[in-house]
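Heavy-atom basis, side chains included; hydrogens, waters and symmetry copies ignored. Chain naming here is simple, since letters A, B, ... match the order of the sequence lines and numbering starts at 1 in each. These figures come from a predicted structure and were not determined experimentally.
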Protein chains: 2
Amino acid sequence: MTTQVASSPKVLVTQPAERELRIERIFNASRERVWKALTHPTLIAQWWGRGNKLVIERMDVQPGGHWRFVEHAPDGTYGFEGRFREVKPLERLEQTFEWDGAPGHVSVDITTLEDLGDGRTKLVSVSLFHTVEDLQGMVGAGMEQGINQSYAALDALLAQPH
Amino acid sequence: MTTQVASSPKVLVTQPAERELRIERIFNASRERVWKALTHPTLIAQWWGRGNKLVIERMDVQPGGHWRFVEHAPDGTYGFEGRFREVKPLERLEQTFEWDGAPGHVSVDITTLEDLGDGRTKLVSVSLFHTVEDLQGMVGAGMEQGINQSYAALDALLAQPH
C-alpha cells in the first residue's frame, strides 16, 4: 500500500505502510551543506523553528546521544526530543522523535541524503510510528504544514552565500 | 494469538499480540505498598537493581515526566530511561522504556495494579514494542530472568516490617 497523503510543489508525503510516513524533498545545495544544516546546532537554530526562536538544549549526534529542541512560538513553548540510534555522516541519521505535547508517543525517523550530482541533494525521511493512532495524530496536528515551513526556511539558509 | 512465552511459579509471561508482551505477578502486600515501591525513588533503589547499586537520576512521576535509572553491576554500568505518559495513582502507570544498550528502541509499558481483597495485589504489565525484532531482542537479552530477580527482591522488600 502506498497512499499519497499530501504534496506541495516541493515536498512529497506518502504512507508506504500502515504505521509509516515517507517525506521526500530536494534542496538546491550540496549534500555536505544539507548534512551540516541538519546536524550543527547553530545552523539548526536558523531554520528548524520556522522563524521562531529555537533553543538547542541537547544535540549529541552519535549513537545513543540525546537531542532536545525548545521552540518559542508566539502562542507558547514547544519542546521536542529524542535519541540517535545510528549516524552515518553525510548519508544517514536514525533517531527517535517525541513532542512534549504527546509525551511517550515516539516515532523512529530515518533520514537519508542522496547527492543528485548536479549540486542538488534529495532528502528522504521515513518515520515509523508506534501505532496507527500516533501517525494519525501527527498528521492531524498539521505536520505537513510545519515541515513545509521548516524546509522553506532551510531553503533560505542554503541560499545564503557560504 | 496468545502464546505463553515462559513462566515460573510466580510470574506469567505471555505474548498476546505480535509486538506485545504481558507479564502477570502477584505480591503479598497491599496495593498502596506495591504502588509506593514502584514509584518512590528510595524504595525503587532497594529492589529494581536486583542487589546491584541503582542510582535514580530522574524520577518525575507525572505525565511528560522523565525517569532514568543507572544500574552498577559487577560487569558494567547499565542505564535505562523513559518518560511517563499517564499516571493514575495506585492503579495505572503508562511509560516508555529504553535501555542504553539499544538506544532509540523504545517500548511502551502499561502497568496496572489490582487489589485482590485478601492483602495481595496483582500486577499486570503489558509492553508494546516498536517492532517484532525489538520484542525478540528484549526476550533474547534475558528479560524474564531479570524480571524474576527484580520481583524476588521486591518480595523481600515488601516482607520487611513497615
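Members clustered with B:Val126: B:Val124, by chain and number, using a 4.5 Å side-chain heavy-atom cutoff among hydrophobic residues. In the hydrophobic clustering (ILVMFWY side chains linked at under 4.5 Å, chained through shared members), A:Leu116 is joined by A:Ile26.
Applying the side-chain contact (heavy atoms from CB on, under 4.5 Å) rule to A:Pro41 yields the partners A:Ile56, A:Met59; only residues at least two apart in sequence or on another chain are considered.
Using a 4.5 Å cut-off between side-chain heavy atoms of Ile, Leu, Val, Met, Phe, Trp and Tyr, with links allowed through other members, A:Phe80 and A:Val106 fall into different hydrophobic clusters. There is a path of hydrophobic side-chain contacts, each under 4.5 Å, that joins A:Ile147 to A:Leu157. No continuous path of ILVMFWY side-chain contacts below 4.5 Å connects A:Val132 to B:Ile110, so the two sit in separate hydrophobic clusters.
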Considering distance alone, list the donor-acceptor pairs between chain B and chain A shorter than 3.5 Å.
residue, atom, partner, partner atom, Å
B:Arg19, NH1, A:His130, O, 3.0
B:Arg19, NH2, A:His130, O, 3.1
B:His66, NE2, A:Glu81, OE1, 3.2
B:His66, NE2, A:Glu81, OE2, 2.6
B:Glu81, OE1, A:His66, NE2, 3.2
B:Glu81, OE2, A:His66, NE2, 2.7
B:Glu81, OE2, A:Arg83, NH1, 3.4
B:Arg83, NH1, A:Glu81, OE2, 3.4
B:Arg83, NH1, A:Glu98, OE2, 3.3
B:Arg83, NH1, A:Asp100, OD1, 3.3
B:Arg83, NH2, A:Asp100, OD1, 2.7
B:Arg85, NH1, A:Gly104, O, 3.0
B:Glu98, OE2, A:Arg83, NH1, 3.3
B:Asp100, OD1, A:Arg83, NH1, 3.3
B:Asp100, OD1, A:Arg83, NH2, 2.7
B:Gly104, O, A:Arg85, NH1, 3.0
B:Leu128, O, A:His130, NE2, 2.9
B:His130, O, A:Arg19, NH1, 3.0
B:His130, O, A:Arg19, NH2, 3.1
B:His130, ND1, A:His130, ND1, 3.1
B:His130, NE2, A:Leu128, O, 2.9

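Closest heavy-atom contact between A:Pro63 and B:Pro103: C-CG, 4.4 Å.
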